[in-house]
Amino acid sequence: MTNGDIFASHMYNEVIRQYDEVAEFINLDPNIKERLKLPQRALTVTFPFRRDEYEEVETVIGYRVQHVLSMGPTKGGIRYAPDVNLGEVTALAILMSWKSAIVGLPYGGAKGGVAIDPRPLSRAEKQRVTRRFTAELLPVIGVDKDIPAPDLGTDEQTMAWIMDTYSNFVGSPQPGIVTGKPASLGGSITRREATGRGAVAIAKAAMDKYNKKYSDSKVVVQGFGNVGRYAALASYEEGAKVIAVNDLKGGVYNEKGLNIPELFKHIAKENTVDGFPGGDPLDSEILELECDVLIPAAVGGVITSSNAQKIKARVIVEGANSPTTLNADKILRDNDILIIPDILANAGGVTGSYFEWVQNTQNYLWKEKELYEKLIDVLTSSFEEIWVIAEKNKCDLRTASLIKGIKRVAAAKLTRGLFP
Ligand code: NAD
């Protein structure tokens, strides 16, 4: 194989290890097997941005990786975090390919990011970073080429700046260049809530298989950003008790269940769950709390072989990307914990994005209710397919999801043939 060392990172190595096992299991064509380990395009950019004080100019590094270009445009989020690196972004782009294929979308996987901590940045600084990064990405993004979306540390406003910058270069409004943008620019509320709500819909369908009711569950959510907060809200609306949530600043606990709509009002003012009067400050490790459903919805690599034995949840719903290391995954399965893997659990995000993009490119508007019904239909029917694959192959849901995703991508590549 071509030397892929430039992509090596902990996350990339884990994604490839997972892929190798499944590729072998399904007897994947050896040529395709090697090809899919490497992304088709990986753009690294460095660019300067000016601090508000004006004297200081900082140079930062950013990436956009496109894994497979065979099935349609590529699709994937853009994250701002200090530890963003080429290996991580590549791993996440590969996962996006499987994810889109699992829910049957006409996309290949992509991911991007800037290695910067967005929290200390002023709004103006974040805007300058975003606009310059967008300008650097111009050769590779496009409504029919590659469509970014929000991820860790980016939000609807970030997408609005990307759309504005791109539209200025093109010379006409291009709402379809990003998804997860504000409703005033053609964004959809369904997209905003899709990842968190979708994760709960899939968890509900999975628990039904064991005759367990989601509404009777105690739920714990790590991270209260875009994914975590709507997973918590959907759980609350289902009638489940959300007993603990946290974010980077702190956490809150209430054995009787937190009032999530009230918590939304609190974060609108304070920008953190910390200090919410409807519960007690959380003073123990959130992932190790006694609960039925645990939803890690913050960052990757939080469930490892060091804490997996201490996890008491019955079901883990991976809202975040790669929250569980492979070694931890085995420990959890040995302990009979049901894991709904990221590539299935958080596929609501890319599915909601797809609907938003179709609306934008066709200038067509569905009602939000209709969009939401379509979203849940795609997710639950994909879950049913994965369930059948898992039963047929006597395997866990992660392996079953990978079987479906990898087979579909490989079939597309083989059918198109080799150029030239
Ligand atoms: P976000 O930036 O909106 O929110 C992240 C939240 O996690 C914040 O509340 C932050 O304070 C908290 N957090 C960060 N580190 C933490 C830690 N160590 N402990 C507790 N809380 C912590 O990000 P997001 O868009 O909600 O994404 C969260 C995860 O979900 C990421 O892994 C992302 O890749 C994945 N994901 C997001 C989407 C989406 O639609 N936004 C779709 C699929 C997957």
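Reckoned from all heavy atoms, side chains included, excluding hydrogens, waters and symmetry mates. Counting convention: from 1, in listed order, for ligands and their atoms alike.
Polar contact with ligand 1: present for N226 (N/O pair, distance under 3.5 Å). Residue G225 has at least one N or O atom closer than 3.5 Å to an N or O atom of ligand 1. Taking distance alone, with nitrogen or oxygen atoms compared against 3.5 Å, G349 stays at or beyond that limit from ligand 1. In terms of polar-atom proximity, F224 is counted as a contact of ligand 1, with an N or O under 3.5 Å from an N or O of the ligand. Checking only distances, T195 does come within under 3.5 Å of ligand 1, N or O to N or O. Checked by distance only, ligand 1 and A298 come closer than 3.5 Å through their nitrogen or oxygen atoms. Checked by distance only, ligand 1 and K99 stay at 3.5 Å or farther apart across all their nitrogen or oxygen atoms.
For the ligand labelled ligand 1, residue G300 lies outside the 4.0 Å heavy-atom shell. Contact between R229 and ligand 1 is absent, with no heavy atom of the residue lying under 4.0 Å from the ligand. Within the 4.0 Å heavy-atom shell around ligand 1 one finds R191.
The part of A297 lying near ligand 1 is the backbone, judged by heavy-atom distances below 4.0 Å.
The protein atom (non-hydrogen) at minimum distance from atom 5 (C) of ligand 1 is L152 CD1, 3.9 Å. Looking only at protein heavy atoms, the nearest one to atom 32 (O) of ligand 1 is N321 N, 3.1 Å. Looking only at heavy atoms of the protein, atom 24 (P) of ligand 1 is closest to V227 CG2, 4.0 Å. With hydrogens left out, the protein atom closest to atom 12 (C) of ligand 1 is G223 CA, 3.9 Å, a heavy atom. Counting protein heavy atoms only, atom 19 (N) of ligand 1 is closest to Q222 NE2, 3.7 Å.
Salt-bridge annotation for K367 and E373: absent, with no side-chain N of the basic residue lying under 4.0 Å from a carboxylate O of the acidic one.
Below 30°, between 30° and 60°, or above 60°: for F133 and F47 the angle between ring planes is below 30°, a parallel geometry.
Closest heavy-atom approach to atom 15 (N) of ligand 1 within the set D151, V245, L248, V221: this belongs to L248.
Taking all atoms of both residues into account, the shortest heavy-atom contact from A244 to L289 is CB-CD1, 3.5 Å.
For the pair Q222 (side chain) and P296 (backbone), a donor-acceptor distance under 3.5 Å is absent.
Counted by atom type alone, N346 and N321 present one or more donor-acceptor pairs between their side chains at under 3.5 Å. Side-chain contact, T179 with K75: a donor N or O sits under 3.5 Å from an acceptor N or O.
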